[in-house]
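Okay, structure first, notes after.
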Amino acid sequence: MELYLKPSDIAEVIGVDQEIIKQTLDRKHPEIEPFLRTVAAPAEEAEGKPKAILQLRIDGLAPLITQLSYNIPTNEIIENLICQVVHIAYLRENTENLETEIAELQEKVKSLQEERADLRVQINNLQEEQSKSWKNRLFKLGG
C-alpha cells in the first residue's frame with residue numbers, strides 16, 4: 001500500500017470533494033504540514049508545464065479530517081469512513097476464507113499427485129506383467 005495519497009485518493013476514501021481537499025492541503029496548516037510532500041505531476045497530467053501535486057502521508061488523514069470538520073459536516077465523513085472500515089473487514093474475511101480454501105485445494109492437489117504416482121506404478125507393473133505373459137505364451141507355443 002502506498003504511504004502517500006493524492007487529493008483524488010483522499011476524496012475517494014473520506015467522501016469529501018477533491019477541490020475542498022486541495023484547498024485544505026494548500027493552506028499547509030501546521031498540523032498537516034509534516035505529513036505533506038510535493039511531487040511532480042505525471043507527464044500526461046502536466047501537459048508540457050511543470051506541475052506540482054501535494055500528497056498526504058496516510059497517517060496525516062486524522063489531522064486533515066479534523067481540519068475539514070471545521071468547514072463541512074462530519075457525518076458525511078464518518079459515514080464514508082464506516083463504509084471503508086466495513087469494506088476492509090469484508091476484504092479481510094474474504095482473504096481468510098480464500099487462504100483456507102487455497103490450503104484445502106493444495107492438499108487435494110497433493111493427494112491427487114500421490115494417487116497419480118501410485119497409478120503410474122500400477123500401470124508400469126501391469127505393463128511388465130502383460131509383456132512377460134505375452135513372451136511366455138509365444139515361447140510356449142513355439143517350444
Side-chain angles (χ1 to χ4, degrees), residues 1-140:
M1 179 175 190
E2 282 191 24
L3 296 176
Y4 284 88
L5 300 171
K6 298 182 293 188
S8 59
D9 297 332
I10 297 169
E12 186 178 317
V13 169
I14 64 176
V16 175
D17 185 70
Q18 183 175 339
E19 286 304 314
I20 295 172
I21 291 171
K22 282 183 183 178
Q23 291 169 1
T24 306
L25 293 178
D26 286 339
R27 283 190 223 123
K28 296 185 181 177
H29 190 275
E31 290 181 21
I32 298 174
E33 193 167 14
F35 302 102
L36 293 175
R37 77 173 180 185
T38 305
V39 295
E44 62 272 2
E45 289 182 25
E47 298 173 0
K49 303 172 191 169
K51 186 177 178 184
I53 296 177
L54 271 178
Q55 291 184 335
L56 180 73
R57 201 168 65 216
I58 198 158
D59 52 346
L61 281 174
L64 174 66
I65 291 171
T66 302
Q67 288 300 311
L68 290 170
S69 67
Y70 296 134
N71 301 320
I72 60 172
T74 55
N75 64 336
E76 292 177 19
I77 296 172
I78 291 169
E79 286 175 10
N80 199 303
L81 290 175
I82 289 170
C83 290
Q84 295 292 335
V85 169
V86 168
H87 184 69
I88 289 170
Y90 172 76
L91 289 174
R92 280 187 181 158
E93 184 178 323
N94 272 351
T95 301
E96 290 171 3
N97 290 341
L98 289 172
E99 287 171 350
T100 302
E101 195 172 322
I102 287 170
E104 291 172 0
L105 289 172
Q106 286 174 334
E107 285 297 318
K108 285 182 182 179
V109 166
K110 185 179 177 182
S111 171
L112 289 171
Q113 286 173 337
E114 289 171 358
E115 188 177 325
R116 180 180 175 196
D118 290 344
L119 287 172
R120 286 198 184 276
V121 169
Q122 289 176 6
I123 289 170
N124 288 339
N125 290 341
L126 288 172
Q127 286 175 339
E128 286 176 16
E129 284 183 34
Q130 185 180 15
S131 67
K132 285 180 186 176
S133 64
W134 180 82
K135 289 177 187 175
N136 288 339
R137 282 184 294 186
L138 178 66
F139 291 123
K140 285 182 184 177

Handout entry: Value rounded to 0.5 Å, distance of CD1 in Ile65 from CG in Leu81
Key = 4.5 Å
Practice task
Please examine the side chains of Arg92 and Thr95, heavy atoms only from C-beta on, and report whether any two atoms are closer than 4.5 Å.
Solution key: no
Exercise for the section: Measure the spacing between CD1 of Ile82 and CD of Gln84 and express it to the nearest 0.5 Å. Expected result: 11.5 Å
Exercise for the section: Measure the CD1-SG distance between Ile78 and Cys83 for me, rounded to the nearest 0.5 Å. Expected result: 12.0 Å
Practice task
Mind listing the closest non-hydrogen atom pair of Tyr4 and Arg57 along with its distance?
Solution key: CD2-N, 3.4 Å
Handout entry: Value rounded to 0.5 Å, distance of NE2 in His87 from CG in Leu91
Key = 4.0 Å
Problem - Member of Thr24, Ile20, Ile21 meeting the side chain to side chain contact (heavy atoms under 4.5 Å, CB included) criterion with Pro7 - result: Ile21
Problem - Nearest heavy-atom neighbours spanning Phe35 and Gly60 - result: CG-CA, 3.4 Å
Problem - Test side chain to side chain contact (heavy atoms under 4.5 Å, CB included) applied to Asp9 and Gln55, step by step - result: CA-CA 10 Å; Asp9 297 332; Gln55 291 184 335; over 6 Å; no
Handout entry: Side chains of Val39 and Ile53 in contact at under 4.5 Å (non-hydrogen atoms)
Key = yes
Problem - 4.5 Å side-chain heavy-atom contact, Val13 and Asn80 - result: no
Practice task
Kindly give the heavy-atom pair with the smallest separation between Glu33 and Lys28, and that separation in Å.
Solution key: OE1-O, 3.7 Å
Problem - side-chain hydrogen bond (donor to acceptor under 3.5 Å, both in side chains) involving Tyr90 - partner list, sequence neighbours excluded - result: Asn94
Practice task
Any chance you could measure Glu115, atom CD, to Gln122, atom CD, to the nearest 0.5 Å?
Solution key: 9.5 Å
Practice task
Rounded to the nearest 0.5 Å, what's the gap from CG on Leu3 to CG on Leu56? Could you check?
Solution key: 11.5 Å
Problem - Evaluation steps, side chain to side chain contact (heavy atoms under 4.5 Å, CB included), between Leu112 and Arg116 - result: CA-CA 6 Å; Leu112 289 171; Arg116 180 180 175 196; over 6 Å; no
Fill in the blank from the handout: Heavy atoms of Leu61 and Leu5 approach each other most closely as CD1-CD1, 4.2 Å
Handout entry: Qualifying salt bridge (charged side-chain N to carboxylate O under 4.0 Å, His left out) pairs with a residue from residues 10-22, counting only residues at least two apart or across chains
Key = Glu19-Lys22
